[in-house]
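Just below is one structure, and these are the notes that go with it.
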Amino acid sequence: MSEQDRLRCDVVVIGAGTAGLAAERAARANGVSTLLIDPDFSGTTCANVGCMPSKLLIAAAKARHAVDRASQFGIDVGEVSVDGATVMKRVRKERDRFAASTQKSIEKIPDAIRIRGRARFTAPGKLQLDDGRSIEARTIVIATGSRPALPDAFAALGDRALTNETVFELKALPTRLAVIGSGAIGLEMAQAFARLGVKVALFDKSETMAKLRCPRVHEALKAIIARDIDLHLGVDATPEPAKDGVTMRWSGKSKGKAVFDHVLVAVGRPPVFDGLAIDKAGLDLDDKGVPCHDRATMRCGDSNVFLAGDVAADLPLLHEASHDGAIAGRNAAAYPAPVPTDRYVPFSITFTDPQVVTIGKAEEDGAVSGTADFTDQGRARVEARNEGALTLYAAAPDGVLIGADLVAPAGEHLGHLLAWAIQQKMTATQVLEMPFYHPTIEEGLKQALRTVCAATPINIPENQDAGSPAGA
Ligand SMILES: Cc1cc2nc3c(=O)[nH]c(=O)nc-3n(C[C@H](O)[C@H](O)[C@H](O)COP(=O)(O)OP(=O)(O)OC[C@H]3O[C@@H](n4cnc5c(N)ncnc54)[C@H](O)[C@@H]3O)c2cc1C
Ligand SMILES: NC(=O)c1ccc[n+]([C@@H]2O[C@H](COP(=O)([O-])OP(=O)(O)OC[C@H]3O[C@@H](n4cnc5c(N)ncnc54)[C@H](O)[C@@H]3O)[C@@H](O)[C@H]2O)c1
């Protein structure tokens, strides 16, 4: 092999998504030479087909829903129509802006570092590109992301089956949409399409949506989702091509048959290892084929290989992908002396309206719990958003907050307050000692914090008024 066919660097990063870009940035900032490998450099999943286009569709649904809700305040807006083609055009136009700005930042990486191609292992620590060039690196970061699972029965439907990679390309809104999977993608997209006027049915083989642990919060979510969507949990749903769409048949907790224009398949996103020949990397793999790794360093065993982002199959979320990347990149540069990092408390928000949040640990981890209900909470009533429930989990006997499940108005903001308090290992008493402005949704937290205090031998702060202002 000629010298030209041999690429050399300290740290090679495979995959230029959120995690890979963060890893390359961190490695280079630590003074080592890097190479970044990607077949397309077309921007990130987040910008192209993930977080951003999904939130753009949700924003359109929110606008339509606000109009629908206006009448309860005595505001008559007359007949409303949705121009589906314009809705989808805006989603793509704004999405393309986000994608272009990601691409611009990729273009700022020096040319010599960006290598177009696919990498695969030929032996432990040895990589080859699909054009035959070999890569010699001191350390390797794998950041190849995840992609939507598409079971065979759905793949057989051709373009009637949609995933997050195709749904945002729809030129108009469908009339009838089946959604398979009530995880984050299924719930967000099902509710958004339904609120834009699409007739939506949602099917899941599990009886639990959005990985909620608290049955009370789950019941509240079920009632909210079922208002807009024909909801079928605990069912096996099978598709079959029909003349003008797809026939879905389902059985289990409910049974039926209906025809839809399209089926959106959102049944999880397994990590991408194909083409990498990961079996030749000499790494221990878990039962799902993911290299065993330490989340504190992102290092695979005692090898010179690190993981970052969705490919690690830990918490497939954007903030975790970028944290993984920073940790893996720095430690790949510091090899063989990786520095462990404390990880964030697990924290996820599903952007339904109201939003669903899960944080940290739950009852099964030995916690006591405190609850709050938003059906009669003051500010929530003022806004006619009085629905939802919250459960806080705390360690006994000291009342240190360790987790939460909630579906509540302003859920993403309550979620952040709680995640930050939990990350800081605050007790229920310490949070109760914080100022609560009136009248706010945040006041709804007090109810749950006080129940945690009552369930543990700790006291509600003595110098605090135990009453509630009107509607708190
Ligand atoms: C519809 C949807 C909505 C979402 N919404 C949210 C949200 O609201 N909030 C949130 O926190 N998270 C959200 N997520 C999750 C979030 O988008 C992901 O966790 C994140 O984008 C993962 O980043 P990554 O770098 O691991 O993967 P990616 O950005 O997918 O990057 C992987 C890269 O690896 C490259 N690659 C693959 N194979 C090879 C190979 N063999 N050689 C070289 N390169 C290769 C690919 O081309 C790609 O560029 C959403 C996801 C989806 C699908
Ligand atoms: N707001 C956010 O942060 C956000 C939004 C979208 C996606 N994401 C990320 O993307 C990942 C993938 O999302 P997702 O919704 O595809 O996966 P998911 O793992 O969140 O949910 C998949 C759902 O599909 C169900 N399912 C699996 N196989 C099925 C089958 N054959 N028939 C019926 N139901 C089936 C599961 O029971 C589960 O409820 C998420 O884990 C999340 O981390 C995050």
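Whatever order the structure lists ligands and atoms in, that order sets their numbers, starting from 1.
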Side chain or backbone of [X] under 4.0 Å from ligand 1, or both, or neither, by non-hydrogen atoms?
X	result
R269	side chain
F351	side chain
S348	neither

For [atom], what's the nearest protein heavy-atom neighbour? Residue, atom name and distance, please.
atom	answer
atom 44 (C) of ligand 2	A184 CB, 3.7 Å
atom 35 (C) of ligand 1	D38 OD2, 3.2 Å
atom 35 (C) of ligand 2	V267 CG1, 3.6 Å
atom 18 (P) of ligand 2	K211 NZ, 3.6 Å
atom 36 (N) of ligand 1	T144 CG2, 3.9 Å
atom 6 (C) of ligand 1	C51 SG, 3.4 Å
atom 23 (O) of ligand 1	A321 CB, 3.9 Å
atom 3 (O) of ligand 2	I349 O, 3.3 Å
atom 27 (O) of ligand 1	G145 CA, 3.4 Å
atom 15 (O) of ligand 2	I185 N, 3.0 Å
atom 21 (O) of ligand 2	G183 CA, 3.3 Å
atom 10 (O) of ligand 2	R269 CD, 4.0 Å
atom 21 (O) of ligand 1	C46 N, 3.7 Å
atom 43 (O) of ligand 2	P316 O, 2.7 Å
atom 44 (N) of ligand 1	P39 CD, 3.3 Å
atom 41 (N) of ligand 1	A119 O, 3.8 Å

Pairing of [X] and [Y] as salt bridge, 4.0 angstrom limit:
X	Y	value
R216	E219	no
K55	E188	yes
E320	R295	yes
D353	R385	yes
D96	R92	no

So, is [X] polar-close to ligand 1, with some N/O to N/O distance under 3.5 Å?
X	answer
A19	yes
G43	no
V272	no
K55	yes
D274	no
D310	yes

Review point. Closer than 4.0 angstrom: is that true for some heavy atom of M209 and an atom of ligand 2?
Key: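 Checking ligand 2 against M209, which is what was asked, there is no heavy-atom contact under 4.0 Å.
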Practice item. Please state whether S348 comes within less than 4.0 angstrom of ligand 2, counting heavy atoms only. Key: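 Flag not set, S348 not near ligand 2.
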When you measure from [atom] to each heavy atom in [options], which option holds the nearest one?
atom	options	value
atom 30 (O) of ligand 1	T45, I37, L127	T45
atom 52 (C) of ligand 1	P271, G50, A308	G50
atom 34 (N) of ligand 2	K205, E412, Q355	K205

**Study point:** F260 and F203 aromatic ring geometry - parallel, tilted or perpendicular at 30°/60° bounds
**Key:**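 F203 and F260: perpendicular rings.
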Check your understanding: What is the ring orientation for H416 with F347, classed by angle as parallel under 30°, tilted 30 to 60°, or perpendicular over 60°?
Key ->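 It falls in the perpendicular class, over 60°.
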Would the distance check show the side chain of [X] and the main-chain N or O of [Y] forming a donor-acceptor pair, the cut-off being under 3.5 Å?
X	Y	result
N164	V49	yes
D228	R195	no
D204	S182	yes
K171	E169	yes

Practice item. For ligand 2, note which part of D236 has a heavy atom under 4.0 Å away: side chain, backbone, both or neither. Key: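 Within the 4.0 Å criterion, D236 makes no contact with ligand 2.
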Review point. Where on D204 is there a heavy atom closer than 4.0 Å to ligand 2, on the side chain, on the backbone, on both, or on neither?
Key: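 Answer for D204: both.
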Tell me which donor-acceptor pairs under 3.5 Å the side chains of residues 10-23 have, and how far apart each pair is, sequence neighbours excluded?
unit_1	atom_1	unit_2	atom_2	d
D10	OD2	S33	N	2.9
D10	OD2	S33	OG	3.1

Check your understanding: Are H218 and D405 linked by a side-chain donor-acceptor pair shorter than 3.5 Å?
Key ->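 H218 vs D405: no donor-acceptor pair found between side chains.
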[X] heavy atoms, cut-off 4.0 Å: which ligand 1 atoms fall inside?
X	value
G309	26 (O)
L317	11 (O), 12 (N), 19 (O)
G17	25 (O), 28 (P), 29 (O), 31 (O), 33 (C), 49 (O)

Check your understanding: With a 4.5 Å heavy-atom cut-off, do S348 and L315 have their side chains touching?
Key ->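 The answer is no; the side chains never approach within 4.5 Å.
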Point to revise | side-chain contact (heavy atoms from CB on, under 4.5 Å) between T163 and L150, intermediate numbers included | key: CA-CA 8 Å; T163 67; L150 190 61; 4.1 Å; yes
4.0 Å heavy-atom contact, [X] with ligand 1:
X	answer
V49	yes
S54	yes
A184	no

Point to revise | Proximal atoms of ligand 2 relative to F351 (non-hydrogen, under 4.0 Å) | key: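 Those atoms are 1 (N).
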